[in-house]
Amino acid sequence: QVQLVESGGGLVQAGGSLRLSCAASGRTLRSDITGWFRQGPGKEREFVAHIRWSDGITYYADSVKGRFTISRDNARNIMYLQMNSLKPEDTAVYYCAATLWDGIRVLASQYQYWGQGAQVTVSS
């Protein structure tokens, strides 16, 4: 079992920055790929980015490429999402998730473990 806990959400003005953290516990080594999803009001949950812990290879959704950076601290089992140049469209609940499967995984159904979510609100 893998447990994930998000932190770092909050309110920020458009153009500002925010960093989310996701602390992992349990059988974390079984889940080599972890990522971030988000769900805005009235929208479906969408993929943001993921990272492979063994080598740091990352993959980003086009909507955040160049603005967001995903990273991890292997020693502390913490994953981060640095969000820069934030837009009102980025307003959503952000979830961290883990999958047991390798490869590019952009569907929520491909992830087995989920955190509770962190609210990010971007004002204009």
Side-chain angles (χ1 to χ4, degrees):
Q1 187 81 349
V2 175
Q3 290 183 295
L4 305 171
V5 180
E6 301 95 338
S7 62
L11 176 65
V12 65
Q13 294 184 5
S17 299
L18 203 64
R19 188 174 79 161
L20 301 179
S21 299
C22 175
S25 61
R27 292 189 174 187
T28 55
L29 292 178
R30 293 285 294 176
S31 300
D32 194 33
I33 295 177
T34 58
W36 293 93
F37 287 76
R38 66 185 183 184
Q39 188 165 19
K43 299 181 179 180
E44 295 185 348
R45 190 167 299 185
E46 67 172 344
F47 170 78
V48 176
H50 72 221
I51 187 168
R52 187 159 64 188
W53 287 68
S54 57
D55 57 9
I57 295 295
T58 60
Y59 185 78
Y60 296 90
D62 289 340
S63 60
V64 305
K65 194 173 299 181
R67 299 188 299 123
F68 291 10
T69 301
I70 188 171
S71 62
R72 88 293 195 208
D73 184 333
N74 294 75
R76 299 172 63 190
N77 286 335
I78 299 176
M79 177 177 65
Y80 303 97
L81 184 67
Q82 178 66 47
M83 303 181 291
N84 299 326
S85 301
L86 283 163
K87 307 174 181 179
E89 305 93 272
D90 296 317
T91 295
V93 176
Y94 284 71
Y95 300 89
C96 62
T99 179
L100 300 174
W101 306 333
D102 198 11
I104 298 175
R105 305 292 178 181
V106 301
L107 300 177
S109 61
Q110 297 173 317
Y111 289 74
Q112 294 80 37
Y113 306 101
W114 293 85
Q116 290 297 115
Q119 178 68 51
V120 172
T121 302
V122 183
S123 62
S124 60

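Note that the structure is predicted; figures quoted are calculated from it, not measured.
Between the CZ atom of Arg105 and the OG1 atom of Thr99 there is a distance of 6.0 Å, given to the nearest 0.5 Å. Considering CZ of Arg52 and OG1 of Thr34, their distance stands at 12.0 Å, rounded to 0.5 Å. The line from CG of Asp55 to OG1 of Thr58 is 9.5 Å long, rounded to the nearest 0.5 Å.
At a threshold of 4.5 Å between non-hydrogen side-chain atoms, the residues Thr69 and Tyr80 do not count as touching.
Cluster annotation: Tyr59 is connected to Ile33 through the hydrophobic network of ILVMFWY side chains, with a link wherever side-chain heavy atoms come within less than 4.5 Å. Hydrophobic clustering of Ile, Leu, Val, Met, Phe, Trp and Tyr side chains at less than 4.5 Å, counting indirect connections, unites Met83 with Ile70. Hydrophobic clustering (ILVMFWY, side-chain heavy atoms < 4.5 Å, transitive): Tyr60 and Ile51 are in one cluster. Linking Ile, Leu, Val, Met, Phe, Trp and Tyr whenever their side-chain heavy atoms come within less than 4.5 Å leaves Val93 and Leu86 in two separate clusters. A chain of hydrophobic side-chain contacts below 4.5 Å, direct or via other Ile, Leu, Val, Met, Phe, Trp or Tyr residues, connects Val2 to Leu100.
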Which atom pairs, one a donor and one an acceptor, fall under 3.5 Å between side chains of residues 13-22 and the rest of the protein, sequence neighbours left out?
unit_1	atom_1	unit_2	atom_2	d
Ser17	OG	Asn84	OD1	2.8

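The aromatic rings of Trp114 and Tyr95 stand perpendicular to each other, their planes meeting at an angle above 60°, with 30° marking the opposite boundary. Ring planes of His50 and Tyr111: tilted class, angle from 30 to 60°.
Side chain of Glu6 to main chain of Cys96: a donor-acceptor pair is present (N/O by atom type, distance under 3.5 Å, no hydrogens or angles). With Asp32 contributing its side chain and Ser54 its backbone, the two residues share a donor-acceptor pair below 3.5 Å. A donor-acceptor contact shorter than 3.5 Å is absent between the side chain of Gln39 and the backbone of Phe37. The main-chain N or O of Gly26 is never found under 3.5 Å from a side-chain atom of Gln3 such that the two would form a donor-acceptor pair. The main-chain N or O of Val122 is found under 3.5 Å from a side-chain atom of Thr91 such that the two form a donor-acceptor pair. With Arg72 contributing its side chain and Trp53 its backbone, the two residues share a donor-acceptor pair below 3.5 Å.
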Could you please spell out the steps behind the side chain to side chain contact (heavy atoms under 4.5 Å, CB included) verdict for Arg67 and Asp90? CA-CA 11 Å; Arg67 299 188 299 123; Asp90 296 317; 2.8 Å; yes
Quick one: do Val48 and Leu81 satisfy side chain to side chain contact (heavy atoms under 4.5 Å, CB included)? Show the steps, please. CA-CA 10 Å; Val48 176; Leu81 184 67; 4.2 Å; yes
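Listed by chain and number, the residues in a salt bridge (charged side-chain N to carboxylate O under 4.0 Å, His left out) with Glu89 amount to none (sequence neighbours excluded).
Looking at every heavy atom in both residues, Arg38 comes nearest to Ser63 through NH2-OG, 3.6 Å.
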